[in-house]
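Since the structure comes first, as structure tokens, the remarks are kept for the end.
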Amino acid sequence: MKLVTWNVNSLKVRLPQVLQWLEMNPVDVLCIQETKLTDDKFPQAEIEAAGYQVVFTGQKTYNGVAIISRHPIEAVQKNNPLFEDEQQRIIAATIAGMRIICAYVPNGQALDSEKYPYKLSWLAALRDWVKAEIEQHPQLALLGDYNIAPDDRDVHDPAAWEGMNLVSPAERAAFQALLDLGLSDSFRQFEQPEKTFSWWDYRQLGFRLNKGVRIDHVLLSKPLADRCTSCVVDRVPRKWEQPSDHAPVIATLD
DNA sequence: ATGGCTTAGGTGCTAAGA
């Protein structure tokens with residue numbers, strides 16, 4: 001069983017790459033973020049023609065999330081019922097007995113931006129909702145773009161980034177609060193190469209110089225974490241022409 | 001060095017990303 005998260009940075013632009021990647025990686029569940037498409041423009045037929053089911057919730061220009069699955073998708077929930085939000089950042093569903101939550105956490109922009117307290121309250125509400133979801137669905141996976149690098153190991157230059165958005169203590173505390181629900185950062189269950197990241201800036205040769213951060217995560221509840229045999233970042237599509245700035249993160253379960 | 005790319009919307013530029 002392979003569960004994947006990938007921020008595609010516009011599904012309109014990236015659909016060919018998503019289909020190409022799925023052909024090379026026939027995974028079970030692919031959670032995507034930043035589709036940037038209203039639902040009427042979503043390429044449902046193309047994804048279904050590739051042999052997958054898909055559910056989605058989007059908006060114009062910004063945000064938008066979807067779950068692509070090889071297995072039947074049930075009990076779809078759009079957005080956090082505990083958090084009034086016009087932005088389309090969450091979609092959840094039950095797939096193969098697992099509760100799958102696909103989340104696009106607000107970026108926050110900067111600590112002095114009004115988007116930063118929005119990010120923190122959004123994360124607090126996510127925690128409250130996921131706590132209730134785990135009680136109902138012990139087999140739960142929370143996948144997405146968290147816009148948080150949990151540890152200094154997850155930042156190419158921790159000194160330069162210290163205290164900034166994505167690594168600030170309050171954001172890292174919010175990430176820890178999710179782990180405290182009994183979730184495991186599947187990437188850290190295993191020995192990993194140093195300087196493994198999931199996002200690299202388009203500018204300044206960010207990818208070539210591996211100046212990245214690890215902000216895309218697959219969090220697993222205990223029953224799923226116990227079945228997890230690997231978690232890797234696939235850098236391959238980041239090398240393609242006109243790539244997303246994020247790479248897919250793949251967790252494999254027995 | 002607060003620049004540097006990329007995308008969307010709309011058609012010249014701004015907003016946003018992380």
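Numbers restart at 1 for each chain; the letters A, B, ... are given by sequence-line order, proteins then strands. Just so it is clear, the structure is predicted and the values come from calculations on it, not from any experiment.
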N/O contacts under 3.5 Å, protein versus nucleotides 14-16 of chain B?
unit_1, atom_1, unit_2, atom_2, d
B:dA16, O5', A:Lys115, NZ, 3.4

Name the pairs: protein N/O against N/O of nucleotides 10-12 of chain B, kept only if under 3.5 Å.
none

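Of the side-chain N and O atoms in A:Asn9, none sit less than 4.0 angstrom from OP1 or OP2 of B:dT7. Residue A:Tyr104 has a polar side-chain atom (N or O) positioned under 4.0 Å from OP1 or OP2 of B:dA18.
Here salt bridge (Lys or Arg N to Asp or Glu O under 4.0 Å) pairs that include residues 73-94 of chain A, with residues two or more places apart or in two chains, number zero.
Between the P atoms of B:dT2 and B:dC13, the separation comes to 24 Å (whole Å). Across the P atoms, B:dA15 and B:dG10 are found 14 Å apart, a figure rounded to whole Å. On the P atoms, B:dT6 is 25 Å away from B:dA1, given to the nearest whole Å.
Grouping Ile, Leu, Val, Met, Phe, Trp and Tyr by side-chain contacts under 4.5 Å, direct or through others, puts A:Trp21 with A:Val4, A:Trp6, A:Val8, A:Leu11, A:Leu15, A:Val18, A:Leu19, A:Leu22, A:Met24, A:Val27, A:Leu30, A:Ile32, A:Leu37, A:Phe42, A:Ile47, A:Tyr52, A:Val54, A:Phe56, A:Ile68, A:Val232, A:Val236, A:Trp240, A:Ile250.
Residue-level contact check: A:Asn7 touches the backbone only, with heavy atoms under 4.0 Å from sugar-phosphate atoms and none from bases.
Within residues 196-218 of chain A, the residues approached by DNA chain B to less than 4.0 Å at the level of any non-hydrogen atom are A:Trp199, A:Tyr202, A:Arg203, A:Gln204, A:Val213, A:Ile215, in residue-number order. Using a 4.0 Å cutoff on non-hydrogen atoms, the parts of residues 164-175 of chain A near DNA chain B are A:Leu166, ordered by number.
For A:Asp112 and B:dA18, the CG to C1' distance is 15 Å, given to the nearest whole Å.
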